[in-house]
Asks: 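One structure, as structure tokens, below. Some questions next.
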Amino acid sequence: MSAKRIIISRTDSIGDVILTLPMCVWLKDHFKDAELIYLGKAYTRPVVECFSVIDRFLDWEEISALPTAEKTACFTELEADAIIHVFPNKEIASLAKKAKIPMRVGTSHRGFHLLSCNHRVGFSRKNSDLHEAQLNFELLRPLGLKQIPSLNEMVESLQAFKVVKTELPSELQVLLSKKSKNVVLHPKSQGSALEWPIASYIELAERLVEHGFTVFFTGTSAEGDLFRKHLPSNEHIVDATGKLTLRELIWFISKVDVLVACSTGPLHIAGFTGIKAVGLYSPKRPIHPGRWQALGKNVSILVNNPDCPTCKKGRSCECITNIAVDRVLREIV
């Protein structure tokens, strides 16, 4: 097929969005003259703006606030040749059909796609052994994809992630400018993943300071409220929670040496920027690293026990809490 305009629709969270970059690179490679339009939530825009292959970002929240007729007109005026529903959304699927976008691709596992999509691809994310980024490629089969790329092949596509230079708060910029090694610890995940205990992060921070590192705790202000009072009083342990916008956080991460986190957006950002990224995971499906590990040439993934019998049975398990601080420290120093 030929295409002058393709919409990639993924209106969910940062980690999910960032793992669509490899498929976007494939689209640009195979439809070199096509304009790629990313339809997403406003707060993920700074991430998408790092995707050099994306030509335009559309704010779904802005569009969804319009009257119905104006929403349809907005989609019609795009004159898109194809839309790929990476994250299924009933309203977006309906609008794409009303706008008469010729190729409308979605998973066959959503009933509303029977009425709104003319290309329905059959695959299961929950039960698959493929990585999330590979699963996204399944939706490209109607556009000519013959084979799902390997994770190593996808790592090569991360060169299309170009961090946008951003001014940082002066107090953080000064600390980064000092001649020390810098580590970001991002303890929370806004509920998107099982988390390593804050006590373990604090012990790790203290051990890293002994090795000459400056340690920055990042997260939202609300996340900081959950652990801020427990942080040691030490000039080399810095509370940066609530002090960075997402755009600033991306730039900040790119300028430190190491980031440690569970399966959450900042870990994926770290992997894409090429810094040392240490991911702490549970082996339980479907949140295991086989599905959600960060991609990058300098990524380490730690699981306490890959063969945890409780996790294998799909039961609730706290084995991630048993990842030893010494193990994480060895990945850094």
Asks: Rounded to the nearest 0.5 Å, what separation is found between the NE2 atom of His211 and the OG atom of Ser180?
Replies: 15.0 Å

Asks: I'd like to check Asn304 versus Leu280 (side-chain heavy atoms, cut-off strictly below 4.5 Å). Are they in contact?
Replies: no

Asks: Locate the shortest heavy-atom distance separating Ser157 from Leu21; write the atom from each residue and the value.
Replies: O-CD2, 4.2 Å

Asks: Of all the heavy-atom pairs spanning Ile253 and Ile275, show the shortest one and how long it is.
Replies: O-CD1, 3.4 Å

Asks: Decide yes or no on side-chain contact (heavy atoms from CB on, under 4.5 Å) for Leu143 and Phe31, but give the supporting numbers first.
Replies: CA-CA 10 Å; Leu143 289 89; Phe31 301 93; 4.0 Å; yes

Asks: Assess whether side-chain contact (heavy atoms from CB on, under 4.5 Å) is satisfied between Arg56 and Leu78, documenting all intermediate values.
Replies: CA-CA 11 Å; Arg56 198 190 331 176; Leu78 290 172; 3.5 Å; yes

Asks: Between Ser189 and Glu195, is any side-chain donor less than 3.5 angstrom from a side-chain acceptor?
Replies: yes

Asks: Measure the spacing between CZ of Arg110 and CG of Leu114 and express it to the nearest 0.5 Å.
Replies: 12.0 Å

Asks: I need the minimum non-hydrogen distance between Thr264 and Ser192, along with the two atoms involved.
Replies: OG1-OG, 4.1 Å

Asks: Can you tell if the side chain of Leu295 reaches within under 4.5 Å of the side chain of Leu158, non-hydrogen atoms only?
Replies: yes

Asks: Side chains of Ser116 and Arg104 only: does a donor on one sit below 3.5 Å from an acceptor on the other?
Replies: no

Asks: Between the main-chain N or O of Gln173 and the side-chain N or O of Ser177, is there a donor-acceptor pair closer than 3.5 Å?
Replies: yes

Asks: Working note: Ile250 + Thr166, criterion side-chain contact (heavy atoms from CB on, under 4.5 Å); need CA distance, chi angles, decisive distance, verdict.
Replies: CA-CA 9 Å; Ile250 295 169; Thr166 306; over 6 Å; no

Asks: Please find the pair of heavy atoms, one from Leu135 and one from Ser128, that lie closest to each other, and give the distance.
Replies: CD2-OG, 3.5 Å

Asks: Would you mind reporting whether Leu140 and Trp26 have side-chain heavy atoms less than 4.5 Å apart?
Replies: yes

Asks: Can a donor-acceptor pair be found, under 3.5 Å and without considering hydrogens, that links the side chain of Arg327 to the backbone of Val303?
Replies: yes

Asks: Could you tell me if Tyr38 and Ser9 have a donor-acceptor pair between their side chains, going purely by distance under 3.5 Å?
Replies: no

Asks: May I ask you to test the Leu204-Leu185 pair for a side-chain heavy-atom distance under 4.5 Å?
Replies: yes

Asks: Pair up each side-chain donor or acceptor in residues 317-324 with any protein partner under 3.5 Å, not counting sequence neighbours, and list the distances.
Replies:
{"from": "Thr321", "atom 1": "OG1", "to": "Glu318", "atom 2": "O", "distance (Å)": "2.6"}

Asks: Counting N and O atoms only, with roles assigned by atom type, does the side chain of His113 sit under 3.5 Å from a partner on the main chain of Thr107, one being a donor and the other an acceptor?
Replies: yes

Asks: Output every pair passing ring pair (Phe, Tyr, Trp, His ring centres under 6.0 Å) with a member in residues 149-188, not counting sequence neighbours, ordered by first then second residue.
Replies: Phe161-Phe272

Asks: Give a yes or no on whether the backbone of Val17 and the side-chain of Asp12 come within a donor-acceptor separation of less than 3.5 Å.
Replies: no

Asks: Check whether any side-chain N or O of His109 sits under 3.5 Å from a backbone N or O of Phe123 as a donor-acceptor pair, and report yes or no.
Replies: yes

Asks: Short question: side chain of Glu248, backbone of Thr245 - any donor-acceptor pair under 3.5 Å?
Replies: yes

Asks: Does the side chain of Lys181 reach to within under 4.5 Å of the side chain of Leu208, using non-hydrogen atoms?
Replies: no

Asks: In terms of hydrophobic clustering (I, L, V, M, F, W, Y; side-chain heavy atoms under 4.5 Å; direct or indirect links), are Leu267 and Met154 co-clustered?
Replies: yes

Asks: When the ring centroid of His288 is compared with that of Trp292, is the distance short of 6.0 Å?
Replies: no

Asks: Are more than 12 heavy atoms from other residues, nucleotides or ligands located less than 6.0 Å from atom CG of Asp33?
Replies: no

Asks: Looking only at non-hydrogen atoms, find the nearest pair between Thr273 and Ala270 and report the distance.
Replies: OG1-O, 2.8 Å

Asks: Under 4.5 Å between side-chain heavy atoms, counting indirect links through other Ile/Leu/Val/Met/Phe/Trp/Tyr residues: same cluster for Ile18 and Ile54 or not?
Replies: yes

Asks: Quick one: are Pro169 and Leu244 in side-chain contact, heavy atoms under 4.5 Å?
Replies: yes

Asks: Taking atom CD of Glu138 and atom CE of Met23, what is their separation to the nearest 0.5 Å?
Replies: 11.0 Å

Asks: Before giving the answer on side-chain contact (heavy atoms from CB on, under 4.5 Å), spell out for Lys243 and Glu171 the whole-Å C-alpha distance, their side-chain angles and the decisive distance to 0.1 Å.
Replies: CA-CA 10 Å; Lys243 296 179 180 178; Glu171 66 272 23; 4.2 Å; yes

Asks: Taking it one step at a time, do Arg291 and Glu132 satisfy salt bridge (Lys or Arg N to Asp or Glu O under 4.0 Å)?
Replies: CA-CA 5 Å; Arg291 169 79 182 277; Glu132 178 71 7; 2.7 Å; yes

Asks: Decide, yes or no, whether a salt bridge links Lys162 with Glu49 under the criterion of side-chain N to carboxylate O below 4.0 Å.
Replies: no

Asks: Any Lys/Arg nitrogen of Lys28 or Asp55 sitting under 4.0 Å from an Asp/Glu carboxylate oxygen of the other?
Replies: yes

Asks: Could you see if Leu39 belongs to whatever hydrophobic cluster contains Val47? Use Ile, Leu, Val, Met, Phe, Trp, Tyr and a side-chain cutoff under 4.5 Å.
Replies: no

Asks: Working to the nearest 0.5 angstrom, can you tell me the gap between Ile237 CD1 and Thr214 OG1?
Replies: 9.5 Å

Asks: Using only heavy-atom distances, determine whether the side chains of Asn136 and Arg10 contain a donor-acceptor pair under 3.5 Å.
Replies: yes

Asks: Starting from Leu172, can I reach Phe213 by hopping between I/L/V/M/F/W/Y residues whose side chains sit under 4.5 Å apart?
Replies: no

Asks: Under 3.5 Å, is there a donor-acceptor pair between the side chain of Arg45 and the main chain of Leu58?
Replies: no

Asks: Using the rule that Ile, Leu, Val, Met, Phe, Trp and Tyr join whenever any side-chain heavy atoms are under 4.5 Å apart, tell me whether Ile202 and Val238 fall into a single cluster.
Replies: no

Asks: Looking only at side-chain N and O atoms, does Asp239 offer a donor or acceptor that is under 3.5 Å from a partner on Thr241?
Replies: yes

Asks: Aromatic contact between Tyr201 and Phe227, with the criterion being ring centroids under 6.0 Å apart: yes or no?
Replies: no

Asks: For the pair Glu203 and Arg207, find out whether any cationic side-chain nitrogen is under 4.0 Å from an anionic carboxylate oxygen.
Replies: yes

Asks: Below 4.0 angstrom, N of the basic side chain to O of the carboxylate: do Lys312 and Asp307 qualify?
Replies: yes

Asks: Would you say that Tyr281 contacts Ser263 through its side chain, given a criterion of any heavy-atom pair below 4.5 Å between the two side chains?
Replies: yes

Asks: Output yes when a side-chain donor or acceptor of Glu153 lies under 3.5 Å from a complementary backbone atom of Ser150, and no otherwise.
Replies: yes

Asks: How about Ser300 and Glu331: does a side-chain donor come under 3.5 Å of a side-chain acceptor?
Replies: yes

Asks: Would you mind listing every side-chain hydrogen bond (donor to acceptor under 3.5 Å, both in side chains) that reaches into residues 62-85, with sequence neighbours excluded?
Replies: Lys71-Glu91

Asks: If every non-hydrogen atom of Trp60 is compared with every non-hydrogen atom of Asn89, which pair is closest and at what distance?
Replies: NE1-ND2, 4.0 Å

Asks: Do Phe252 and Leu176 have side chains that get closer than 4.5 Å, going by heavy atoms?
Replies: yes

Asks: Could you tell me whether Lys297 and Glu156 have a side-chain N and a carboxylate O separated by less than 4.0 Å?
Replies: yes

Asks: Below 4.0 angstrom, N of the basic side chain to O of the carboxylate: do Lys4 and Glu35 qualify?
Replies: no

Asks: Counting only N and O atoms by type, is there a donor-acceptor contact under 3.5 Å from the side chain of Lys32 to the main-chain atoms of Asp29?
Replies: yes

